[in-house]
Amino acid sequence: MEGQVQGVGFRPFVWRLAKEEDLAGLVGNVSAGVRIEIQGAPPRIEAFRQRLQTELPPLARITRMEAKKLAPVAAQREFVIEGSGKGGGAKILVSPDVGVCEDCLADIADPANPRYGYAFTNCTNCGPRFSITSSLPYDRATTTMACFPLCQNCATEYANPADRRFHAQPVACAACGPELWLVDNPATGPTHSTPENRKDALIKAARLIVSGKILAIRGLGGFQLACDAKNAEAVELLRLRKNRPHKALAIMAADLDSIREICETDEYSEELLASFRKPIVLCPAREANEFAPDTDSIGVMLPSTPLHALLFEELKSLGVKQPLLVMTSANPPGEPICLGNREALKRLGHLADAWLLHNRDILCRVDDSVVRAGENPVIFRRARGYVPESIPLNISGPSVLGCGAELKATFCLTRGDRAFPGQHIGDLQSPAALDFYEQSLAHMQRLLEVAPELIVHDLHPDFSSTRFARNTAELTGVPVVGLQHHVAHGMACLGENNFWDPALALCLDGSGLGTDGAIWGGELLWIDPGRCQWERAGQLSTFPLPGGEMAIREPWRVAAALRHLAGLSPRNREEEIIWQMLIRGINSPATSSCGRLFDAVAAELGVCRAVTHEGQAAMRLEKLAKEWREGLKIGGEEFLGADGKVNSVEIFRAILAMKESGMEPALVAHRFHAMLAGALGRLVEVAGARHGLETIALSGGVMQNGLLLHYLQKRLYELGMKVLLHRQLPPGDGGISFGQAVWGLALARAGKVNGGYGIQGSKE
Ligand code: ZN
Ligand code: ZN
Ligand code: FE
């Protein structure tokens, strides 16, 4: 039996079924999965076989089942669970951290239960895993629970196969487990619990929140900052302290009903919200809100731990109806989420008013994951609840390390025919973030028991991830290969879909260094993963970025550049300066970036002159476009120029003309999405015909734009193309490391890596 069958309560489940069906035999872990031997009455065996598949524990999944007839064992009367012997070995995997389950929620809400009100309740079906496990085998001794010896009661549960806590490594109760306490003054507050503080911690925390204070909570994968979401002043204060004027803040609610108050949900989003992953799910907002002012949706989640659930109970008992909490990663700007108690008291001194602390240590930071549910789910940030799950591949090879990009960085390690993308790290620019990156990588290597045999990095020489790759290669002698950013995007999508034949990849994003030294970002690529070759098969026509980096922060500059190219005159002094820069070619690098084209249109339509966070202008433009509710004819084919490029300037000129004609901005924004999709569709059609290809992978951060993706998919289907999308990985730069890693596997398979340095498979 193969699949997610280890460390998920599978063996006790099999044991219980066998007992119920009156069967004898054994169940044990083997390297590939689980082995069951069973004997008894044939109808009972058949029933066992069926129930095995229909009554699986929540976290278990069977991917392959093989049955064989064995000779009866006369002496076997009982059904037993074999201990995990050596057979388990390197294939055993630690599961992601699992959100609190319904049974445990019931335990903590029941005054008669010994775990009533206990914040660290967990069982085989839920609780921390990845974030508290240091190495294999996954056993209490290798987790941060090692320092809490089990009490008699917990030990009995742990040893009883009929119990929900059988072999639940982090099992604990108030008598033997971690403790909770509250600190309201970082200078004088206790750094450990006192009996009185322990009892009152949750009550005090709830009171502080009700009075508009900001609370730092030690969650599953690190600290979070929480405040009353219904208190506008508290939310404002949090934004001010975090220096985060517009970026979305996630909301945690006690139950789905409270979420439905502020968001529209559907079967997809509700299923995901309630799933064991407990991610932040982006749902359409019922009305304009201060939580995510740049979009028409709100990121919402349900309590992921008993601690959160208990806090909501306290809020309710203080008379708060349907409490909502803003819940955001607790980190100083540009730095990773806080981990330890002392660290949090020090680093969050200016951010929080009080700290809800505990002494179950977190070994590895994991942020909350962010997902948009739907028929085509989009993962924005892959972390808690997902990592360290693997992506299955149908090729295999040496262990490859993909080092990722610079923003929204991740790494990815492969082992055999599996890829293990690491958790979202964030922007690698600060030394603290780079530390987090290196620690997480070391953690993952320990859990997987692998060392990379090939390293792949981005072509950008100044990325921290590139420098890390080269330094590591130098230190270890492991071969290292550079891969162009957008090829990595394309490979990520192809690899995720296990598509290894030649295909086209449309990769739209903010920027990535091209092989010609220019800034790319609106690319159609031809990729042959089998021979590790690629070429540029189409692009957006380039336009300048006056001021370089500054143009990324100030989209009006990009709009001005496109106005200049469209032959218009400057309207004011500011624009005159831009015109001068462009005429003299001062600090105005050329780009084919699709993200920047969105920025320019957003600025031109007056929704975003300057950004306070990445992607803000494009988000606002999409929000504006969605205010126009009717679907439009796609059109836009005329924007594919004679040079084979999608003409950015002509598209911008069309926007200007629509604006000039007095068309409603929402309609202009909507038409922009539709006609850009049409122009790109035409580009794909022409290249597809030229190369004789019908498969197109869609990747890059721009693919997070639901409206563009809608039109693009529609057009590509009309053209009869087979469209490949991301489902398990972010389309943005969070997926780059996986693309690099599978490229490395492809290189190895093609025999293009030997000893020293790999060969870069570009035809250019
Ligand atoms: Zn549970
Ligand atoms: Zn106990
Ligand atoms: Fe990118």
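In listed order, ligands and their atoms are each counted from 1. Every heavy atom of this structure was used, including side-chain atoms; hydrogens, water molecules and symmetry mates were not.
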Which is it for Phe436 and His424 under the ring pair (Phe, Tyr, Trp, His ring centres under 6.0 Å) test, yes or no, and what are the steps along the way? CA-CA 10 Å; Phe436 175 24; His424 163 86; 8.3 Å; no
Three-point angle Cys151:SG, the Zn ion (ligand 2), Cys154:SG, rounded to the nearest 10°: 110°
Degrees at the Zn ion (ligand 1) between the SG atom of Cys126 and the SG atom of Cys101, nearest 10°: 110°
Tell me whether Glu496 contacts the main-chain N or O of Arg727 through its side chain, where contact means a donor paired with an acceptor under 3.5 Å. yes
Is the Fe ion (ligand 3) less than 2.8 Å from at least one N/O/S atom of His485? yes
Which atom of Asp733 approaches the Fe ion (ligand 3) most closely (N/O/S): OD1
Say whether Asp107 and Thr121, considering side chains only, have a donor N or O and an acceptor N or O under 3.5 Å apart. no
Backbone of Gly404 reached by a side-chain donor or acceptor of Gln740 within 3.5 Å: yes
Restricting to N, O or S, what is the name of the atom of Asp509 that lies nearest the Fe ion (ligand 3)? OD2
So, Ser699 and His726: side-chain donor and acceptor under 3.5 Å apart, yes or no? yes
Short N/O/S contact of His489 with the Fe ion (ligand 3) (below 2.8 Å): yes
